[in-house]
Amino acid sequence: PFWKSILAGPAPRQSVTAPRSIAGVEATSDLLDSWNLFPDRPWANDFPNQWTPGETGARERLERFLDNGLALYHRRDEPGIESTSGLSPHLRFGEISPYQVWHAVESVVTPETRANASRFLSEVGWREFSYHQLFHNTDLHRRNLRAEFDEFPWEEPNPAHLSAWKKGKTGVELVDAGMRELWKIGTMHNRVRMVAASFLIKNLGIDWRIGEAWFWNTLVDADEASNPASWQWVAGSGYDAAPYFRVFNPELQAAKFDPDSVYRARWIEEYNTPLYPEPIVSLSDTRARALADYATMRGERPQQ
DNA sequence: CACATTTTTGA
DNA sequence: CAAAAATGT
């Protein structure tokens, strides 16, 4: 309903260009580079190859997406190909606005790319919906929007499981590839985020807030609205969220969206070697336990 | 933006 | 009787 009502309204306004000067204001500005904001630790070595912080980088990223990604956007769920925009860190830091994105897309759209363009804009719309939720719930990262989830029987996090998830050593290929992408370059493909989140919450039985906190600490696009809203979406505790019983099967997701293993092989060095670990949990057993926990929350008697 | 199971379809 | 569609969690 949120996006529908946005679309029913007027198009967003055009952005105004920055003024060269403001009458009566004398302002000098440091060069951003002189602040040496970029991390110099080894863990950030690969970051400069991934994105260029700042307004120019944001503009270039958008152009690149409009030139190459938009026509492929119907394949956005395949993490092995570059079909998503990669704009999230730029949007996060206000280096480009959703309104600018909207008008840029509308200015290049053709009948052939109309469907992809609308879908892409609706994804930007999810971000707006997240801010709508945050505006009305400043404790979005803490409180289940659907209060019945306060009764959910989360288990005490198993430290070995949680650590394996953070390090990408769960033995579940798509989850590990995503978590290692996150650690290496501070981002993760959206489809894989959903799978990795579903695995933590449902297969490992760990409270979504613990996953949210890890993403908040590691994502370069960590966003105070999108991050918690999306975790609540996967957990089923959010507004208009995925129902809790929608449990991703990481193996089926990998077969469907990474059929040639390109993504998994890219991020898991020891992929397809004996060094790669066995799964730390059984996907089917833990899925059954998750559904049983859900029934408990709903006050239902256990099956049989 | 799921998956498993049941029911229906149709060659 | 396999595949597609509907259904329940």
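Lettering follows sequence order; numbering is per chain, from 1.
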Give me, pair by pair, the N or O atoms of the protein and of nucleotides 2-6 of chain B that are less than 3.5 Å apart, along with how far apart they are.
from	atom 1	to	atom 2	distance (Å)
B:dA2	OP2	A:R246	NE	2.9
B:dA2	OP2	A:R246	NH1	3.0
B:dC3	OP1	A:N249	N	2.6
B:dC3	OP1	A:N249	O	3.3
B:dC3	OP2	A:Q253	NE2	3.3

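A salt bridge links A:R114 with A:E106: the closest approach of a Lys/Arg side-chain nitrogen to an acidic carboxylate oxygen falls below 4.0 angstrom.
If you take CZ of A:R75 and C1' of B:dC1, they are 18 Å apart, rounded to a whole angstrom. Rounded to an integer number of Å, the gap from CZ of A:R76 to C1' of B:dC1 is 9 Å. Residue A:R298 contributes atom CZ, which lies 11 Å from atom C1' of C:dG8 at whole-angstrom precision.
The salt bridge (charged side-chain N to carboxylate O under 4.0 Å, His left out) analysis of residues 149-162 of chain A, with sequence neighbours excluded, yields the pairs A:E155-A:R289. Applying the salt bridge (charged side-chain N to carboxylate O under 4.0 Å, His left out) test to every pair with at least one member in residues 202-216 of chain A, sequence neighbours left out, gives these pairs: A:D207-A:R209. Sorted by first and then second residue, the pairs that involve residues 62-89 of chain A and meet salt bridge (charged side-chain N to carboxylate O under 4.0 Å, His left out), not counting sequence neighbours, are A:R59-A:E63, A:R64-A:E82, A:R75-A:E78, A:D77-A:R191.
Two rings, from A:F120 and A:F65, have their centers less than 6.0 Å apart.
Here A:E251 lies out of heavy-atom contact (under 4.0 Å) with every strand.
Contacts of A:N217 classified as side-chain contact (heavy atoms from CB on, under 4.5 Å), with partners at least two apart in sequence or in another chain: none.
Defined by atom type and a distance below 3.5 Å, a donor-acceptor pair is present between the side-chain atoms of A:E173 and A:Y271.
Of all heavy-atom pairs between A:N116 and A:A71, the closest is ND2-O, 3.5 Å.
Across residues 199-219 of chain A, not one residue has a non-hydrogen atom less than 4.0 Å from an atom of DNA chain B.
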